[in-house]
Amino acid sequence: MVVRPWILECMDEIPEGRPLDSRAELSEFLRTRRARLQPQDVGLPHFGRHRRVPGLRREELAQLAGVSVAYYTRLEQGNGRNVSVEVLDAIARALRLTDAEHAHLTHLAKPKAHKKKAVRPQYMRPVLQQLLDSIEGVPAYVVGRRSDILGWNALAAALFGDWGELAPADRNWARICFLDPRSRELFVDWDRKASDIVSYLRMDAGCYPNDPQLSSLVGELSVKSEEFRSLWATHDVQEKGHGVKRMRHALVGDLTLSFETLRLPDDCDQSLIMYHAEPDSASAQGLRLLASWGRDASSVGSGTK
């Protein structure tokens with residue numbers, strides 16, 4: 001398995017602050033990845049219907065990875081201090097981890113503590129706002145660490161709601177998704193949107209375990225949302241990518257929009273997200289109507305003002 005270089009580059013700097021418990025994070029991540037695999041999934045015999053543990057046993061995983069049971073047990077207990085990259089690669093293959101999961105495992109097991117630095121304030125270069133303003137017909141915004149929304153264009157405001165009316169701390173996809181009920185009206189598949197947001201936050205937590213704002217965000221959402229707590233406990237991680245979102249806008253009705261994520265070259269924590277519709281489709285017509293309404297569209301109840 002090959003880990004994309006930019007994923008690990010994003011993990012090089014660990015900010016100072018109140019850290020998450022890295023040993024507990026490593027332990028729970030390995031346990032949950034092991035629990036999702038069955039012996040037959042990896043070519044091992046399955047003896048009996050009543051197994052005392054969900055998924056693979058530790059000894060089965062150790063056999064697949066080519067390490068001793070004692071060695072793997074120490075790792076799953078959170079002791080990854082001296083583990084080699086080669087062993088982590090073997091475990092990642094045995095667990096069938098994705099690129100994002102592999103990178104997350106590597107960072108949890110081998111944090112680069114000698115490169116600790118203070119958390120840098122997030123800001124978007126002014127020229128990027130100029131770029132966003134010049135994009136017509138396509139909702140676009142820039143998102144940073146913790147799923148903070150840093151900048152957007154007029155059509156994004158018409159589609160998602162005018163984030164300019166929110167306090168800067170509230171311009172955050174996780175808060176919007178779990179704490180603003182209008183997001184459930186906007187996203188037809190809200191459960192998938194929520195799962196994606198939590199997976200992105202988990203990735204950030206692996207990159208920046210000492211970020212006090214991230215810890216505070218996770219704590220707030222854990223207290224206020226049972227759904228967030230449940231999703232956070234799965235330890236799922238993924239990188240932002242591309243896909244399709246279905247929305248139901250109060251003004252223009254149902255929209256099916258594809259989205260693409262473009263990572264900014266000078267800051268791997270920031271990404272440009274753009275949505276687009278199939279040419280000549282009803283969704284394309286809906287976007288044109290939203291564009292014609294401009295800022296007025298966000299006041300009609302687009303879902304996440």
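Treat the numbers as computed from the prediction; the structure is a model and nothing was measured.
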Salt-bridged, [X] to [Y], with N to O below 4.0 Å?
X      : Y      : answer
Glu227 : Arg184 : yes
Arg145 : Asp267 : no
Arg182 : Glu185 : no

Enter the distance from [X]:[atom1] to [Y]:[atom2] here, rounded to the nearest 0.5 Å.
X      : Y      : atom1 : atom2 : result
Trp232 : Ser225 : CH2   : OG    : 13.0 Å
Tyr141 : Ser271 : OH    : OG    : 9.5 Å
Leu128 : Gln270 : CG    : CD    : 7.0 Å
Ile176 : Lys193 : CD1   : NZ    : 9.0 Å
Glu101 : Met203 : CD    : CE    : 9.0 Å

If you define the side chain from C-beta out and look only at heavy atoms, does anything of [X] sit under 4.5 Å from [Y]?
X      : Y      : result
Lys245 : Asp189 : no
Phe228 : Leu231 : no
Trp152 : Asp162 : yes
Thr261 : Leu272 : no
Leu255 : Val252 : yes
Asp269 : Asp204 : no
Asp148 : Gln213 : no
Leu287 : Pro139 : yes

*Restricting to pairs with a member in residues 124-143, which pass salt bridge (Lys or Arg N to Asp or Glu O under 4.0 Å), not counting sequence neighbours?*
Arg125-Asp266
*Any side-chain donor paired with an acceptor under 3.5 Å for His249 and Asp254?*
no
*Are Trp190 and Ser183 linked by a side-chain donor-acceptor pair shorter than 3.5 Å?*
yes
Take atom [atom1] in [X]; do more than 12 heavy atoms of anything else shown fall under 6.0 Å from it?
X      : atom1 : answer
Arg36  : CZ    : yes
Gln285 : CD    : no
Tyr71  : OH    : yes

Short side-chain to backbone donor-acceptor contact, [X] and [Y], under 3.5 Å:
X      : Y      : answer
Arg248 : Leu186 : no
Ser292 : Leu289 : yes
Arg246 : Leu257 : no
Ser230 : Glu226 : no
Arg33  : Leu95  : no
Ser27  : Arg23  : no
Arg34  : Leu56  : yes
Ser283 : Thr256 : yes
Thr32  : Glu28  : yes
Asn172 : Ile149 : no

_Under the rule for salt bridge (charged side-chain N to carboxylate O under 4.0 Å, His left out), what residues qualify as partners of Glu220, not counting sequence neighbours?_
Arg175, Lys224
*Name all residues meeting the salt bridge (charged side-chain N to carboxylate O under 4.0 Å, His left out) criterion together with Arg58; count only those two or more places apart in sequence or in a different chain, and write none if there are none.*
Glu76
_Phe29-His104 aromatic ring centre distance below 6.0 Å_ = yes
_Trp173/Phe178 aromatic ring centres below 6.0 Å_ = no
*For Arg202 and Glu25, what are the C-alpha separation, side-chain angles and deciding distance, and is it a salt bridge (Lys or Arg N to Asp or Glu O under 4.0 Å)?*
CA-CA 10 Å; Arg202 267 289 179 196; Glu25 291 291 308; 2.3 Å; yes
*Using the side chain to side chain contact (heavy atoms under 4.5 Å, CB included) rule, pick out the option among Gln63, Glu60, Glu59 that qualifies with Val69.*
Glu59
